[in-house]
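Atoms within a ligand are numbered from 1 in the order they appear, just like the ligands themselves.
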Amino acid sequence: MNTHELIDTARELVAGDKGLLAMDESNPTCNKRFAGLGIPQTEQARRAYRELIVTTPGLGECINGAILFDETIRQQKKDGTPFVKAISDAGIIPGIKVDSGAKDMAGFPGEKITEGLDGLRERLADYSQMGVRFAKWRAVFAVGDGIPSRACIEVNAQILACYAALCQEAGLVPIVEPEVLMEGEHTLERCRNVTEEVLRTVFSQLYTQRVLLEGLILKPNMVLPGLTCLKQEGVDEVADATVSCLLRAVPAAVPGIAFLSGGQSPELASARLNAMNLRFKSRLPWALAFSFSRAIQQPALEIWRGQDANVSAAQQALYHRASCNRAARRGEYNAAMERT
Ligand code: 13P
């Protein structure tokens with residue numbers, strides 16, 4: 001393990017006012033999003049869409065790193081340029097999703113365990129050869145009556161730490177993603193408590209398994225009321241709850257926190273990230289950045305709809321969302337940006 005290289009890469013991923021672009025939807029997830037818009041669910045369509053993303057003019061002005069899926073990392077642009085090279089040429093660090101998805105947890109209805117540790121050491125070595133410098137693994141925690149259970153939290157935390165240790169051994173920076181889901185009627189306070197317990201457990205396991213905190217990035221959910229909770233707090237209350245939870249649970253040695261968007265609207269995700277940076281940035285030990293998939297991509301996908309003629313307009317929409325989030329890192333995002 002080259003400690004200096006890991007630390008440098010982790011810092012680069014959250015450097016300046018840029019963030020990460022998650023474009024690592026598995027084929028079933030990507031197909032589901034395509035199906036909703038009448039786009040064919042084929043390898044060619046997924047390739048064309050990913051080419052649209054990586055060739056977006058100016059993307060590197062807002063994005064430090066892009067997370068790819070296994071299919072995409074093996075694909076090329078129409079002109080034969082591998083996507084990994086196209087991304088690197090744009091000044092963006094290529095990364096890769098390495099978990100194989102969240103599966104039902106035996107004996108714990110409604111809860112999931114993320115799989116993919118078998119053969120991971122070999123896969124990480126292969127990906128490293130292909131030029132990636134960081135990886136991602138997502139664990140999910142549903143909130144409901146009696147869940148998440150202690151068992152679900154502990155087992156996913158152990159697996160996340162095991163993955164992170166293997167990444168660092170291979171010289172790749174692990175993005176550690178424990179996601180407390182938005183679905184449900186739970187309150188903001190419940191989400192804060194669950195998120196704090198999950199993060200404390202994850203960091204305890206990272207410590208136990210000797211993972212270098214300076215060489216990883218945390219990718220958590222924001223602290224939010226459940227989607228169907230009657231009380232939906234405002235942007236500032238969400239910012240306060242999220243930052244106070246993170247301050248309690250995330251060691252200062254971690255260089256950066258890059259949020260997932262989790263199904264928030266693109267505008268709300270930007271506004272909430274903005275409020276956190278505006279109110280707290282100068283007092284925080286880590287960078288507060290973004291690693292959005294839907295909150296950056298969805299408007300572009302809705303414009304593209306699989307049509308070549310729409311590529312340029314879709315790229316403008318993608319760039320717009322990426323630049324709104326860059327502004328949010330500086331605490332300079334405002335609603336007027338959405339009308340330009
Ligand atoms: P969303 O921003 O759409 O939640 O996706 C982030 C991600 O990478 C999920 O693993």
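- In this structure, a donor-acceptor pair under 3.5 Å is present between the side chains of E338 and Y333.
- Contacts with ligand 1 closer than 4.0 Å are made by side-chain heavy atoms of R138 only, the backbone lying farther away.
- Per-residue contacts place G262 under 4.0 angstrom from the following atoms of ligand 1 (heavy atoms of the residue considered): 1 (P), 2 (O), 4 (O).
- For atom 8 (O) of ligand 1, the nearest non-hydrogen atom from the set E25, E177, M182, K219 comes from K219.
- Contact record, A289 with V14: CB-CG1, 4.3 Å, taken as the closest heavy-atom pair.
- Relative ring orientation between Y49 and F34 is described as perpendicular, the plane-to-plane angle rising above 60° on a 0-90° scale split at 30° and 60°.
- Between K136 and ligand 1 there is a heavy-atom distance shorter than 4.0 Å.
- Close contacts between ligand 1 and A22 involve ligand atoms 8 (O) [criterion: under 4.0 Å to a heavy atom].
- In E179, neither the side chain nor the backbone holds a heavy atom less than 4.0 Å from any atom of ligand 1.
- The proximity of S261 to ligand 1, defined as any non-hydrogen pair under 4.0 Å, involves the side chain as well as the backbone.
- Cluster membership check: Y207 does not share its hydrophobic cluster with V155, using side-chain heavy-atom separations under 4.5 Å among Ile, Leu, Val, Met, Phe, Trp and Tyr.
- Judged purely by atom type and a 3.5 angstrom limit, R330 has no side-chain atom pairing as donor or acceptor with the backbone of D17.
- When all heavy atoms of P285 and L247 are compared, the pair lying nearest together is CD-CD2, 4.0 Å.
- Between A295 and ligand 1, no pair of N/O atoms sits closer than 3.5 Å.
- When only non-hydrogen protein atoms are considered, atom 5 (O) of ligand 1 lies nearest to S293 CB, 3.2 Å.
- Panel note: side chain Q315, backbone L52; a donor-acceptor pair is recorded below 3.5 Å.
- Per-residue contacts place F292 under 4.0 angstrom from the following atoms of ligand 1 (heavy atoms of the residue considered): 2 (O).
- Remark: minimum distance from atom 3 (O) of ligand 1 to any protein heavy atom is reached at R294 NE, 2.6 Å.
- Neither the backbone nor the side chain of K97 has any atom closer than 4.0 Å to an atom of ligand 1 (non-hydrogen atoms only).
- More than 12 heavy atoms of other residues, nucleotides or ligands sit less than 6.0 Å from atom NZ of K103.
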